[in-house]
Amino acid sequence: MTAISGITRERASVVRYIGECRRHWRSVLLIAGCMAALALLQLPGPIVTMRLIDRATAGSLSGASVSVACMGLAILLASTAAVRAVQSYALELFKFRLLLRLQRRLFAHSLRLPLDAHSRYSHGYLLSRINDDPQQLQNLFAGSILSMIADACTLCVGLGFLFHLHFKLALLAISALPVMIYLFVSVRTGLKQNYSRLQESSALVTRSLADGLSNIITTKAFLLERTLERHYFCDMSNMWRTRFTIWRRRYSYETVISAITGAVPIGVLWYGIGEVTNHRLTIGQLVAFLGFLAYLYRPAEGMVISLLSMQSSISAADRIFEILDLRSEAQMQIAVANGTSQPPPRSPVPGGEPVADIVIRDLSIRYPGASQCALSHVTVEIQRGESVHVAGPSGAGKSTLAKALTGFLPSSAGAVWIQGEELARIPIDKLRERVLLVTHEPGILSGSILANIMCGAKGRAAEDAIEAARLAHAHDFISRLPRGYETDISKDGARLSSGQIQRIVLARALLRKPAVLILDEAMSFLDQNTATEILAGIRLVMRGKTLINICHRAYGVLPSDRQLLIQHGSLFERDRSGAAIAEPVLVSSGSYNTASGAHSTA
């Protein structure tokens, strides 16, 4: 049953891959036509040779006939070279287009996967899938399927001519084919498993490289060089052991096949000489038959080797389609929306417009495998234009709330409404245009500082980006750089501090001017005075819009419309007079305590 399901998966992967190739059907037809032409162009050579030898043996060969035959063979050779050149060009162009499309599709789909998928697949693993597997997969068509088509054409031509020349000799010649097929079937399954292990090992090697080099400060600070070196050596050793196993199996198989294909022509020669002696076969026919044996064994051996090579490509196809079959954020949103309820009644104001910009009703979020909810039955309304400060200890659920409001995490229960629309029903791109989340992580991209500030802000000019940098207190240090706003971060990133990078990211957010801005520890690397000044500027820019500042440090408690506290996944609030509405409450010093008001000051 397992073998049958494995074959079914193989066929499904090959069929899906061929479907990917259909958009390049013109190139495929050209390549297939060239292969068919090459198979036919190989036919006249042995036939002409046979005729020349038979006539020479009979004494009826003239010099003019030899000249004409040689000229024809020269034209045939030139035609073969021209067709092969066209085929090679078309094949390389096809491989390039296919590889580019597959890698772009994989990368684009990976960017649209939900956070849960990125937590299950490490960045090193995804890098290996995007970079390595499409290169393996392009060989499935270019190096295997097309080669098998060409070998099949050659094999058919060779078999037809062999049986035309001498039926019994042809039966003797094909006696090796069943043995070759049996050996292939016996070795194929093990090789496919080895190729799967090889690609997994390659992904682990890429992950080890990413872990060590992308976290170089942590590596050096905790003296992890030897530990990571051991991990890398272990992963590399496993990969090369698997490579050696594959080589050993293939070499053993190919050696046996070579021995068989070398022994059978000896038997054909022995039997053929007897036929010539008994005048049932001419010398020219025997020479032509021996020449056409190459049209039998070479393509048959090539087809089997192509089938073996396909095992690596099929494993890569399985892994590529595994990633492509993961549901994107938009697809998951559609699935969630099919089970959501209708929006709750909204409090009207004069004119009939809703008051609340954000409505959260009984929201609970549980991470996969967790024993309890990260957020539990949270209910709150945030009015348009409000500035809200959200505080709480580490692990209380602050970032979970921020990710829930931006659609990064699906709710386990309850629902969220943004500007009167249920979050689960808002297209993900539209949602991210309205609600912008800025985290403490350095979201910096390769390229210039100006390009980093302006990315994602359509229709904004460079002057707007510079003004946003001023509001984020980034203009002064950017101006002091040798190339100013044209400084390439990918080359000069080491000269920027974590605080400077955070200010560039904040400038990017200010340039966007979203309807709702959520800052999740977005100024954690800044000193208190700078962060306080930047936050005051952000409140001015966000006037009439909704600002949610998540911060557990004291400077985050600036004059705000509301102060919320998240603790143990539950939400509490203080009113504007400072009186506690629920316990525990947020005290003015920035520490967290119960309603008794007791707290310690540093």
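Note that these values count all heavy atoms, side chains included, but never hydrogens, waters or copies made by symmetry.
- Interatomic distance, Asn194 CG to Arg248 CZ, rounded to the nearest 0.5 Å: 8.5 Å.
- A 4.5 Å side-chain heavy-atom check between Lys95 and Leu91 finds at least one atom pair inside the cut-off.
- Side-chain atoms of Ser448 and Thr487, non-hydrogen and from C-beta on, never get closer than 4.5 Å to each other.
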*Evaluate side chain to side chain contact (heavy atoms under 4.5 Å, CB included) for Leu38 paired with Arg84, printing each intermediate quantity in order.*
CA-CA 7 Å; Leu38 287 174; Arg84 186 170 284 115; 4.2 Å; yes
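- Going from atom NE2 of His118 over to atom OG of Ser110 covers 6.5 Å, rounded to the nearest 0.5 Å.
- Across every non-hydrogen atom of Met454 and Leu511, the tightest pair is CA-CD2, 3.8 Å.
- Taking the ring centre of Phe107 as origin, the terminal cationic atom of Arg112 falls outside the region bounded by 6.0 Å and 45° from the ring axis.
- Atom CG of Asn238 sits about 10.0 Å away from atom CZ of Phe233, to the nearest 0.5 Å.
- Counting heavy atoms from C-beta outward, Phe244 and Met239 have side chains that stay 4.5 Å or more apart.
- No side-chain donor from either of His166 and Gln285 sits under 3.5 Å from a side-chain acceptor of the other.
- Taking both residues in full, the closest heavy atoms of Ala462 and Leu450 are given as CB-CD2, 4.2 Å, listed atom of the first, atom of the second, then distance.
- For the residue pair Met180 and Thr261, the shortest heavy atom distance occurs at SD-CG2, 4.3 Å.
- Heavy atoms only, all atoms of each residue included: Val264 and Ala173 are closest at CG1-O, 3.8 Å.
- The minimum heavy-atom distance between Ile453 and Ala465, with the atom names listed, is CG2-CB, 3.8 Å.
- Judged purely by atom type and a 3.5 angstrom limit, His109 has no side-chain atom pairing as donor or acceptor with the backbone of Asp325.
- A 6.0 Å sphere centred on CZ of Arg280 holds more than 12 heavy atoms belonging to other residues, nucleotides or ligands.
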_Val276/Thr282 under side chain to side chain contact (heavy atoms under 4.5 Å, CB included): CA gap, chis, key distance, verdict_ = CA-CA 6 Å; Val276 171; Thr282 67; over 6 Å; no
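- Side-chain atoms of Ile504 and Leu496, non-hydrogen and from C-beta on, do get closer than 4.5 Å to each other.
- For the pair Phe94 and Leu30, the minimum side-chain heavy-atom distance is 4.5 Å or more.
- Between Tyr251 and Trp247, the ring planes lie parallel to each other; the angle is under 30°, not in the 30° to 60° tilted range.
- Note that the CG atom of Asp235 and the CG atom of Leu228 stand 10.5 Å from one another [nearest 0.5 Å].
- Ion pairing between a basic and an acidic side chain is recognised when a charged N comes within 4.0 Å of a carboxylate O; Arg512 and Glu433 show no such pairing.
- Few gaps surround CG on Leu73; more than 12 heavy atoms of other groups in view lie less than 6.0 Å from it.
- Interatomic distance, CG of Leu165 versus CZ of Phe289, reported as 7.0 Å (0.5 Å rounding).
- Here the side chain of Arg197 pairs no donor or acceptor atom with the backbone of Thr242 at under 3.5 angstrom.
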_For a side chain to side chain contact (heavy atoms under 4.5 Å, CB included) check, start with the C-alpha distance between Leu431 and Thr406, then their side-chain angles and the critical distance, and finish with the verdict._
CA-CA 7 Å; Leu431 174 64; Thr406 46; 5.6 Å; no
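- For the atom pair CG of Leu106 and CG of Leu102, the computed distance is 6.5 Å after rounding to the nearest 0.5 Å.
- Taking every heavy atom of both residues into account, Gly447 and Asp488 meet most closely at O-OD1, 3.4 Å.
- In this structure, Ser202 contributes its side chain and Leu198 its backbone to no donor-acceptor pair below 3.5 Å.
- You'll find the side chain of Phe167 stays beyond 4.5 Å of the side chain of Leu162, heavy atoms only.
- In summary, Glu92 and Arg97 do not engage in a salt bridge, as defined by a charged side-chain N under 4.0 Å from a carboxylate O.
- Not a single donor-acceptor pair under 3.5 Å links the side chain of Glu329 to the backbone N or O of Pro114.
- By the 4.5 Å heavy-atom criterion applied to side chains, Leu159 and Ile174 are counted as neighbours.
- Leu172 has its side chain out of reach of Lys168: every pair of non-hydrogen atoms, C-beta onward, lies at least 4.5 Å apart.
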